[in-house]
Chemist: 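One structure, pasted below without further comment.
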Protein chains: 2
Amino acid sequence: MALMAKEARRRVGRPTHRRPKVAVPPGLDRREQIVAVAGSLFAEKGYNRTSMRDIAEAAGLLSGSLYYYFSSKEELFLEVHGTGMKILTQATRSALEQGGDPWTRLGHLAAAHCRAVLENQGFMIMVFPEFPEEINEYHAEFVRQRDEYERIVSDTIGALDLPPDLDRGLYKLQFLGALNWSQTWYRAGGRFTPEDIGHHFVRMLRPR
Amino acid sequence: MALMAKEARRRVGRPTHRRPKVAVPPGLDRREQIVAVAGSLFAEKGYNRTSMRDIAEAAGLLSGSLYYYFSSKEELFLEVHGTGMKILTQATRSALEQGGDPWTRLGHLAAAHCRAVLENQGFMIMVFPEFPEEINEYHAEFVRQRDEYERIVSDTIGALDLPPDLDRGLYKLQFLGALNWSQTWYRAGGRFTPEDIGHHFVRMLRPR
DNA sequence: GTCTATACAGCGATAGAC
DNA sequence: GTCTATCGCTGTATAGAC
């Protein structure tokens, strides 16, 4: 017992140089690393079942140190969410730049969305609603982050030659719903690539 | 202080007759009442943010007493989930009995699904995946409960005159995805009834 | 069958040394 | 900037009286 105490003592003040246990893209600063690691764990286990201690361990430091970068777990999540939305928004914008007629563009959008959401599961998955459950003080900020992306979708749908009596709002919800739900069943290496899935969805939603 | 202790003492062993704080359908036995109350709270706040103490209070007893009926919170959730799936399965079967051609039947199914899922939010909402997050020892049982319902959907889709090169599995996932996702945005009293939503989704997914 | 009382674990977060 | 150490709280679950 006394020995253990002594051994523990020796480490006081010495950095432990814990190695991160989760691979993250290189070239990220410490803060970004933590966001990446946290995103990966949230994606894997969900928000509630991922503790600050888990995140700290995976990132190679101790839980107390996280609070040097983030004032709370919710603030950390907000940043993860925002990073995910940025990836999605960027991927979608690039895809739309390929141009084409409105239906082709929607196909590009769907494919890009699926790829971003399904292939970045190691970095983020929750890109969407209700993960840290319900209303909290950051709710408005979550919505803001999401709205920027949803506007891109609305604009793309707005250009389609849909029947005039068909509700665009419902169409968008159906489209995004199927896209987002794919996170619950998609497994890498299956019969379909994310692009296949996106294109298939658009094909099925195209009136003839 | 001494007074408080004395007053507290007087209640020992006496039932407190707490009244349930959540309305539940009449004619349910105690166990079923608890399931109904728990379902309502899970739907409202999510699984993780609903504590056993919350459930007990809403059901009109104390948390310890819950363990007379259920050995764990997860077991209670499993029962809530199962009850929800029974409601959904039953509602869908009834709707399909109206008959009609395959597309009419799919419309009935979608409408019934939406109504069951969206209007029973007071009783259950989570009818679907990943609520108590990820794999646990009851996972197989959750899947079993869900599969019975999904078979009904598969059968109904199987009867449609879809193009032969169109994947039925993906079609089902797209269909159910949009339906399930509606839980995240639907608010009672909006422009659309659950039936509107279901029929709209089917209309959009119908090739011409 | 419901209560009282509490064990015990895990969480988010903070203080202060280095 | 990271550590050690710990506080205060809440959660699930249990034991035993009635």
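In what follows, chains are A, B, ... by sequence order, proteins preceding strands, each numbered from 1.
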Chemist: Hey, does F192(B) have a side-chain heavy atom less than 4.5 Å from the side chain of D167(A)?
Modeler: yes
Chemist: Using the test salt bridge (Lys or Arg N to Asp or Glu O under 4.0 Å), find all partners of D196(A) that sit at least two apart in sequence or belong to another chain.
Modeler: none
Chemist: Rounded to whole Å, how long is the line connecting atom CG of L62(B) with atom C1' of dA15(D)?
Modeler: 15 Å
Chemist: Between D54(A) and R49(A), does at least one N-O distance fall below 4.0 Å, as a salt bridge requires?
Modeler: no
Chemist: Could you tell me the separation between the CG atom of D29(B) and the P atom of dG1(C), rounded to a whole number of Å?
Modeler: 10 Å
Chemist: dA13(D) phosphate, OP1 or OP2: any side-chain N/O from Y67(B) under 4.0 angstrom?
Modeler: yes
Chemist: Can you check the Y47(A) OH to dC11(C) C1' distance for me, whole Å?
Modeler: 11 Å
Chemist: Among residues at least two apart in sequence or on other chains, which ones pass side-chain contact (heavy atoms from CB on, under 4.5 Å) with D147(B)?
Modeler: V143(B)
Chemist: For the helix from dG1(C)-dC18(D) to dC18(C)-dG1(D), measure the angle between the helix axis at one end and the axis at the other, each built from five pairs, rounding to 10°.
Modeler: 0°
Chemist: Using a cut-off of less than 4.0 Å, is there contact between a side-chain N or O of R31(A) and OP1 or OP2 of dG1(D)?
Modeler: no
Chemist: For DNA chain D, whose closest nucleotide is more 5', that of G64(A) or that of D54(B)?
Modeler: G64(A)
Chemist: Once you round it to whole Å, what is the distance between C1' of dG11(D) and CD of E57(B)?
Modeler: 15 Å
Chemist: Provide, to the nearest angstrom, the distance between the CG atom belonging to L76(B) and the C1' atom belonging to dG11(D).
Modeler: 15 Å
Chemist: Tell me, do R146(B) and M85(B) make a side-chain contact under 4.5 Å, heavy atoms counted?
Modeler: yes
Chemist: Take Q90(B) and S94(B), measure what side chain to side chain donor-acceptor pair (under 3.5 Å) needs, and give me the verdict at the end.
Modeler: CA-CA 6 Å; Q90(B) 177 54 38; S94(B) 302; 3.2 Å; yes
Chemist: Rounding to a whole Å, what distance do you find between L66(A):CG and dG1(D):P?
Modeler: 14 Å
Chemist: Within the sub-3.5 Å range, which N or O atoms of nucleotides 6-10 of chain D have a protein N or O partner, and how far apart are they?
Modeler:
none

Chemist: Think S65(B) has a side-chain N or O under 4.0 angstrom from the OP1 or OP2 of dG1(C)?
Modeler: no
Chemist: Excluding sequence neighbours, so at least two apart, what forms salt bridge (Lys or Arg N to Asp or Glu O under 4.0 Å) with R53(B)?
Modeler: none
Chemist: Hey, does the side chain of R30(B) come within less than 4.0 Å of dT2(C)'s phosphate (OP1/OP2), counting only N and O?
Modeler: yes
Chemist: Any carboxylate oxygen within less than 4.0 angstrom of a Lys/Arg side-chain nitrogen, looking at E119(B) and R187(B)?
Modeler: no
Chemist: It should be established whether Y68(A) places a side-chain nitrogen or oxygen under 4.0 Å from OP1 or OP2 of nucleotide dG1(D).
Modeler: yes
Chemist: Atom CD of E74(A) to atom C1' of dA13(C): distance rounded to whole Å?
Modeler: 13 Å
Chemist: Please identify each residue that fulfils side-chain contact (heavy atoms from CB on, under 4.5 Å) with F70(B), with sequence neighbours left out.
Modeler: R31(B), I34(B), V35(B), E75(B), L76(B), E79(B)
Chemist: Rounded to whole Å, please give me the gap between CG in L61(B) and P in dA5(C).
Modeler: 17 Å
